[in-house]
2 protein chains.
Amino acid sequence: MNRPTVHDIAKEAGVSLATVDRVLNARPGVRAKTIAKVQDAVSRLGYVRDTYAANLARKRLFRFVFILPEGPNQFAETLKAAIDEAYSAQIADRTVLEILRVPFLDPHAIVRRLQQLDVTTLDGVALMVPETPQVRDAVARLKAAGVAVVALVSDLPNSRRDHFIGTNSVAAGRTAGLLMGRFAGRSGEVLVVSNSMRARDSLERRLGFDAVIAGEFSGLKVLPSVESFDDPARMRAVVGEVLARRRDVVGVYSMGSGNTALLDALRESGRIGDLVSIAHELTPTTEAALREGALAAVIAQNVGHLARSALRVLRALCDGLSIYEAQERVRIEIILRENIG
Amino acid sequence: MNRPTVHDIAKEAGVSLATVDRVLNARPGVRAKTIAKVQDAVSRLGYVRDTYAANLARKRLFRFVFILPEGPNQFAETLKAAIDEAYSAQIADRTVLEILRVPFLDPHAIVRRLQQLDVTTLDGVALMVPETPQVRDAVARLKAAGVAVVALVSDLPNSRRDHFIGTNSVAAGRTAGLLMGRFAGRSGEVLVVSNSMRARDSLERRLGFDAVIAGEFSGLKVLPSVESFDDPARMRAVVGEVLARRRDVVGVYSMGSGNTALLDALRESGRIGDLVSIAHELTPTTEAALREGALAAVIAQNVGHLARSALRVLRALCDGLSIYEAQERVRIEIILRENIG
DNA sequence: CTTGATTTGAGGCACGTTCCTCATATACCA
DNA sequence: TGGTATATGAGGAACGTGCCTCAAATCAAG
């Protein structure tokens with residue numbers, strides 16, 4: 001009736017508890033034939049290890065480190081808050097968590113920080129950093145030391161990370177493109193702004209955005225990306241200039257952060273009512289802009305979900321459990337004024 | 001360093017383990033002064049009970065029952081599948097789960113089914129049923145017997161349910177209205193179809209939809225709701241007739257289930273390309289329609305999330321834990337062709 | 001058959017909690 | 001002051017698992 005326990009397995013297999021334990025935990029000193037007997041009993045009874053009891057017995061403590069970009073990045077702040085909240089809500093118990101901030105655009109600083117980690121006491125790392133060869137090496141080193149590694153928000157597809165937690169940027173860009181096309185509803189130009197097209201995410205979003213606009217909204221012409229290089233003043237100046245000069249612009253697509261400066265420029269242009277503006281990530285700035293009508297839509301990933309997923313996936317990796325994909329899939333959310341929160 | 005245990009509390013408070021236990025579990029036989037001493041130690045050390053160890057010691061088993069509508073309801077099927085999946089993924093361990101189906105529109109049958117439940121062994125119930133006085137009474141009876149009750153998908157606001165797991169229907173309707181207005185982009189009529197306007201959800205969605213259209217899209221005129229009363233043939237016939245007769249219709253809003261028949265009617269009308277069609281809930285039918293372009297958007301609640309939330313909330317209620325609101329809030333999702341899944 | 005190595009069993013303690021029992025201490029009341 | 005009710009302590013068993021030791025059984029090879 002109830003869940004079978006190791007005792008039931010021992011009885012069913014006709015061996016002792018100690019032997020069952022040796023088999024379940026892959027400890028040496030068991031004949032192949034005996035291993036088979038035990039595994040047989042396990043599958044016959046449908047035994048599943050009680051992970052909580054196991055961790056209790058082992059009085060295991062997990063040490064996780066999250067690496068997030070530092071600097072004036074509202075999304076990172078929002079994500080950090082979500083991680084803190086998920087942590088204190090005991091999404092993963094028996095866990096100590098540390099959040100480190102690194103300069104996003106300095107691969108060497110990132111790697112230096114990763115090397116300072118004490119891998120002997122470390123169980124898992126979640127990384128939100130751009131993929132560079134240095135980072136790939138650092139991930140390989142962590143993996144070699146037996147540390148679980150997940151990429152957060154921005155994937156590290158060519159590294160040895162165990163898992164990626166985030167959305168497909170191409171699909172997110174396509175979604176933005178579809179919304180832009182349908183919301184604009186007329187011909188004209190679309191201004192695309194980003195911090196830096198060097199980031200993989202921006203590239204992929206642009207790819208998806210362009211594909212949909214080109215394929216389905218031939219009346220729209222997407223202008224070359226305007227880059228701000230994380231400089232608010234520059235963002236404001238360049239966008240203001242373009243909007244003043246080009247009267248055919250009907251939409252603005254912001255692929256990265258720096259939305260505060262962008263929105264300032266939009267307001268100054270006096271064309272908010274005419275323009276369809278779409279940005280990524282829900283932050284205090286973008287949320288206020290949605291309510292005010294300055295942004296028509298925000299394409300977002302739920303930061304709370306990202307945080308909880310990262311914690312759960314790291315735990316599952318450490319516990320050797322399988323990952324519940326359906327729960328961990330991060331969806332591309334479309335936020336309009338009416339469905340905030 | 002590590003989490004404090006009951007032993008630490010006992011030491012800190014200068015009392016015995018037994019007394020700490022009595023205080024923590026609100027058992028009688030402790031002087032007020034001693035209770036205060038213990039609670040003081042608890043807050044000083046920041047003790048939090050290890051729920052798993054507690055349930056382990058208590059060898060507790062939870063019995064939950066889910067009540068879902070029976071009959072040809074694709075959303076209910078999808079939800080049931082999600083519940084089965086969440087259950088087998090051990091979202092809530094030490095739990096036995098039963099899913100019962102009841103005729104959605106027969107309050108007496110629903111109540112009869114609820115009364116058959118053995119409340120002595122039952123720990124929690126999740127209900128997806130329309131609110132009627134009979135249901136309210138049945139909920140009160142369950143609560144009186146100490147059973148945790150959550151309303152699922154459709155709220156029972158005037159009952160004594162502990163929690164509601166689902167979305168705000170008015171906000172969902174407003175979201176649909178905003179999308180309809182922006183996607184249509186021109187003047188005309190909007191056809192609204194539903195199974196039955198008697199259901200609270202349909203009423204509320206309509207309320208939100210109308211408010212947004214009236215307030216912001218004055219070029220659109222919303223027609224009176226067409227009701228199908230769960231009869232696919234009727235749905236197909238009525239919609240077909242309206243679309244043939246009224247050439248000004250630019251959008252169709254489907255508030256409830258029965259989308260298969262609706263989509264058939266749309267296809268037959270030959271006006272799919274012209275019309276902006278919006279429906280609720282992601283099912284095999286609506287998903288296929290999105291891909292095909294027959295539906296412009298689907299307003300959905302994630303069934304996997306609903307299922308997991310219901311299980312987690314019921315467990316939290318039984319364990320006497322606080323509910324992690326941020327995780328349990330069900331979002332109004334907007335699904336377009338590009339962000340399915 | 002002996003020797004030595006390998007495999008297995010039996011048992012115990014630990015983890016953090018619950019929930020007993022039994023004995024003792026303290027407070028209250030007459 | 002004694003008697004009684006109430007409060008508290010000490011300790012133990014249990015939950016499912018991990019991990020250890022020690023001894024016994026089994027096996028392979030000479």
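Here is how names work: the chains are called A, B, and so on, in the same order as the sequence lines, proteins then strands, and each is numbered from 1.
Positionally, the nearest nucleotide of DNA chain C for Gly29(A) lies more toward the 5' end than for the other of Gly29(A) and Ala18(A). Projected onto DNA chain C by closest heavy-atom contact, Tyr47(B) and Val20(A) fall at different nucleotides, the more 5' of which corresponds to Val20(A). Along DNA chain D, the nucleotide closest to Lys59(B) and the one closest to Pro28(B) are compared, and the more 5′ of them pairs with Pro28(B).
At whole-Å resolution of the value, CG in Leu45(B) and C1' in dG16(C) are 15 Å apart. The distance from atom CG of Leu17(A) to atom C1' of dC13(C) is 14 Å, rounded to the nearest whole Å. Rounded to whole Å, atom C1' of dG16(D) lies 7 Å from atom CZ of Arg94(B). Rounded to an integer number of Å, the gap from Leu24(A) CG to dC20(D) C1' is 17 Å. One interatomic measurement links the two molecules: CG of Asp319(B) to P of dT17(C), which rounds to 14 Å at whole-angstrom precision. Straight-line distance from the CG atom of Asp21(A) to the P atom of dC15(C): 17 Å, rounded to whole Å. Ile9(B) places its CD1 atom 12 Å from the P atom of dT18(C), with the value rounded to the nearest Å. At whole-Å resolution of the value, NZ in Lys33(B) and P in dA27(C) are 7 Å apart.
For the pair Arg49(B) and dT18(C), the criterion of a side-chain N or O lying under 4.0 Å from OP1 or OP2 is met. For the OP1/OP2 pair of dG9(C) and a distance below 4.0 Å, the side-chain nitrogens and oxygens of Thr19(A) include at least one atom meeting the criterion. Look at Arg58(A) and you won't find any side-chain N or O under 4.0 angstrom from OP1 or OP2 of dA14(C). Contact annotation: Arg31(B) side-chain N/O to dT8(D) OP1/OP2 distance is under 4.0 Å. Residue Thr5(A) places no side-chain N or O under 4.0 Å from the OP1 or OP2 atom of dG16(D). Taking 4.0 angstrom as the limit, Tyr52(A) places none of its side-chain polar atoms (N or O) nearer than this to OP1 or OP2 of dG18(D). In terms of phosphate contacts, Arg27(A) brings no side-chain nitrogen or oxygen within less than 4.0 Å of OP1 or OP2 of dC20(D).
Other residues, nucleotides and ligands contribute more than 12 heavy atoms inside 6.0 Å of the NZ atom of Lys143(A).
Across all strands shown, Asn55(A) has no heavy atoms under 4.0 Å from either base or sugar-phosphate atoms. Backbone-only contact: Asp50(B) has heavy atoms under 4.0 Å from sugar-phosphate atoms and none from a base.
Of the inter-residue distances, the one linking Asn302(A) atom CG with Arg308(A) atom CZ reads 6.0 Å to the nearest 0.5 angstrom.
Annotation: side chain of Asp21(A) is not in contact with side chain of Leu17(A) (no heavy-atom distance under 4.5 Å).
Remark: the Arg22(A) side chain and the dG9(C) base include a donor-acceptor N/O pair separated by less than 3.5 Å.
If you check the side chains of Asn25(B) and Arg49(B), you find a donor sitting under 3.5 Å from an acceptor. Between the side chains of Glu281(B) and Thr283(B), not a single donor N or O lies within less than 3.5 Å of an accepting N or O. Arg113(B) and Gln116(B) are linked by a side-chain donor-acceptor pair at a separation below 3.5 angstrom, with hydrogens and angles left out of the test.
Closest to the side chain of Thr34(B), out of dA10(D), dA7(D), dC15(D), is dA7(D).
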